[in-house]
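Reviewing the structure listed below.
Keep in mind it's a predicted model, so treat the numbers as computed, not measured. When a ligand or atom number is given, it counts from 1 through the structure's own listing order.
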Amino acid sequence: MKRLGLRRLADLPPRARQALFAALLIVLLAFPFLDTGQANIDIAANCCAYAALALGLNIVVGFTGLLDLGYAAFFAIGAYAYGILNSYQLHPPWSAAWQQLAAIGFVTKLGVGAAATVHFIVPFWVMLPVSAVIAAGFGVAFGAPTLRLKGDYLAIVTLGFGEIVPIVARNWTWLTNGAEGLNGVGPPSVLGHSFGIDSTPYYYVGLALVLFLLFVSLRLKPSRIGRAWMAVREDEIAASAMGIHTTRLKLLAFAMGAGFAGMTGTFYIAKLQTATPDMFDLPVSIMVLVMIVLGGLGSVWGAIIGAVLLQLLQAWFLPELSVVVQSLGTALRSPFLSNLQLTSASELIFGIILVTMMLYRRDGLVPATRNEVKLSFAQQDAAVSRGSAPAVARLSAAAAKAAIAGPPAALAVRDLTVRFGGLVALKSVSLDVPAGGVVAVIGPNGSGKSTLFNSITGLVTPSGGSVEFAGQELLGRRPDQILRYGVARTFQNIRLFPNLTVMENVLIGQHSHLAAGPASIVLGLPHVRAEEREAREFVLELLGLFGNRLIPRIDQGVAQLSYANRRRVEIARALAARPRLLMLDEPTAGMNPAESLELAEQIAGFRKLGLTVLLVEHKLDVVTRLADNVVVLDYGEKLAEGPADEVRRNEAVIEAYIGRGTVHA
Ligand SMILES: Nc1ncnc2c1ncn2[C@@H]1O[C@H](COP(=O)(O)OP(=O)(O)OP(=O)(O)O)[C@@H](O)[C@H]1O
């Protein structure tokens with residue numbers, strides 16, 4: 001395969017991609033008729049099962065960045081849910097109470113008289129969605145207390161869960177028949193025709209399952225929910241500051257991933273007609289993880305390709321290769337080679353694949369993130385232009401509407417105190433930002449400016465004081481709630497979502513204004529499409545505020561932008577939340593004097609939008625140009641307050657700056 005071959009496939013124009021997909025589908029549908037034998041059809045059905053599992057894990061690990069090492073536990077839950085409810089495992093005594101379930105074909109009566117027992121035969125087609133719901137329920141129950149953990153800690157807890165479920169299955173013999181496994185799991189049937197042990201119908205069910213899960217993944221990925229998942233993966237703090245309820249979104253991802261695995265478990269067990277605990281041990285979780293790493297974390301097509309390749313490797317290539325190596329060993333009279341079973345070394349081979357991918361192709365075979373968009377010479381050389389009327393119109397209309405609807409967008413900070421252990425970062429700081437006003441906070445490094453911002457936006461919990469905005473107390477609220485009250489911010493160190501494009505970053509700013517839920521997104525309801533279209537139009541308008549600086553780069557990953565452009569994107573992302581109070585933490589840091597002036601002009605323009613602005617800024621010329629009032633912090637205390645010119649001449653301020661800090665005048 002050429003290095004970028006699969007990548008190019010993903011970049012084909014939509015019509016060509018559709019044609020290719022249709023051709024592939026025809027080949028897949030015709031596959032059982034190619035007469036390759038039952039064994040190969042069975043391998044193809046297993047490829048479908050693993051592709052379905054990989055699609056589910058891709059939502060959890062690839063989209064949302066939650067390292068789940070126990071994914072097979074949900075596969076097991078779905079499998080046993082069907083296995084127990086469609087086998088001879090449970091056989092309670094028959095009574096009249098079972099009559100109703102018998103009438104709808106969920107149970108039958110075995111035996112007669114007092115010895116009669118219940119035989120569960122809940123149909124496969126009923127259990128497919130039910131298993132998804134059961135596994136998703138376990139996902140939520142397990143995720144709710146644990147998803148507060150991050151990275152390695154979450155990996156360890158999920159690893160534990162993945163170990164516990166097969167152990168429970170092994171020891172709860174009454175329910176699962178332990179290590180011997182469930183017996184007589186019923187095959188699915190259609191119109192009275194049982195699938196029996198013929199691989200072909202299972203292959204078609206597996207293919208339909210993959211197509212369904214593929215459809216769900218492809219619908220969700222570019223939606224409000226998919227973007228929110230990716231925002232959580234990229235930077236959880238920035239995601240919550242942009243209005244995303246991170247715990248809820250993580251739980252949704254976990255539940256959805258678990259649901260995919262639950263459905264697949266039911267399919268897999270119906271095909272095998274038995275379930276033993278060792279089918280769900282740790283190596284299965286690791287194998288599915290390797291599949292999505294191989295395909296490309298976060299890449300929907302990558303998950304399928306990775307799953308198919310690894311499954312083919314394990315079920316077809318390694319056994320074939322073992323035969324070749326063994327006959328070579330016999331010819332060479334090498335006992336080692338003639339007894340070599342490469343299939344038993346599959347975990348070693350997975351490890352080698354993982355290491356190789358990390359060394360040479362970290363993004364996987366089908367990378368999820370986009371390549372750098374090449375700008376034309378004309379675009380690169382274009383003179384800088386400014387301004388955009390539509391965004392101004394839309395933002396000012398939003399601000400005017402909010403102003404009529406509620407109390408004025410004034411911020412009142414009172415006696416705010418923040419302690420980090422023994423260090424008092426803010427000491428009883430009070431300040432006011434009147435509605436529609438611009439107030440700047442200045443002060444030497446370490447004086448508490450960012451801590452003030454973090455306290456107002458819910459990222460730091462103060463030990464005392466109050467922060468009231470538009471009549472609402474903000475202290476004690478989560479960052480996403482504070483954004484919904486109309487407070488959006490940027491960060492001193494720029495917290496964009498680095499692997500997402502300019503468009504995606506700014507769209508995430510609109511998260512709280514979009515309403516689409518997972519079901520309506522998957523169904524592609526008209527209001528969801530209209531909302532998405534409008535959101536994209538608004539992004540274009542917002543980027544227009546910065547003239548032609550960002551518009552040509554709209555599909556570029558933000559990591560590839562210049563520092564100044566990244567700052568602009570972050571401001572556009574904050575504006576996308578249609579805030580009433582905009583908080584800018586050193587917006588011109590890293591910009592040259594001309595760029596700083598350009599941005600200062602643009603921020604001054606935000607006043608016309610009816611926005612209240614609170615900014616931290618080191619450059620005093622920018623502060624003088626913008627701020628009505630300046631608050632000076634030093635060692636966490638308010639040192640001075642007043643108009644910029646007055647503050648500039650204040651002895652104590654000069655002492656604080658010249659004595660220890662830096663002034664870029
Ligand atoms: N999470 C934290 N844990 C412990 N100490 C902290 C934390 N965040 C900030 N501090 C300390 O609080 C003080 C104020 O820091 P802060 O970042 O608010 O200052 P600043 O005025 O924004 O400075 P700079 O301009 O350098 O960003 C500093 O002494 C800093 O080391």
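- Of the possible donor and acceptor atoms, none in the side chain of Ser428 sits under 3.5 Å from a partner among the backbone N and O of Thr417.
- In this structure, CD in Gln602 is found 10.5 Å from CG in Leu575, a value given to the nearest 0.5 Å.
- In this structure, the side chains of Met358 and Val293 come closer than 4.5 Å at one or more pairs of heavy atoms.
- Sorted by chain and number, the heavy-atom contacts of ligand 1 below 4.0 Å come from Phe420, Leu423, Ala425, Pro444, Asn445, Gly446, Ser447, Gly448, Lys449, Ser450, Thr451, Gln492, Glu586, His618.
- Using a 4.5 Å heavy-atom threshold, the side chains of Leu416 and Leu475 count as touching.
- Residues satisfying the side chain to side chain donor-acceptor pair (under 3.5 Å) test with Arg625, not counting sequence neighbours, are none.
- In the displayed structure, Asn592 atom CG is contacted under 6.0 Å by more than 12 heavy atoms of other residues, nucleotides or ligands.
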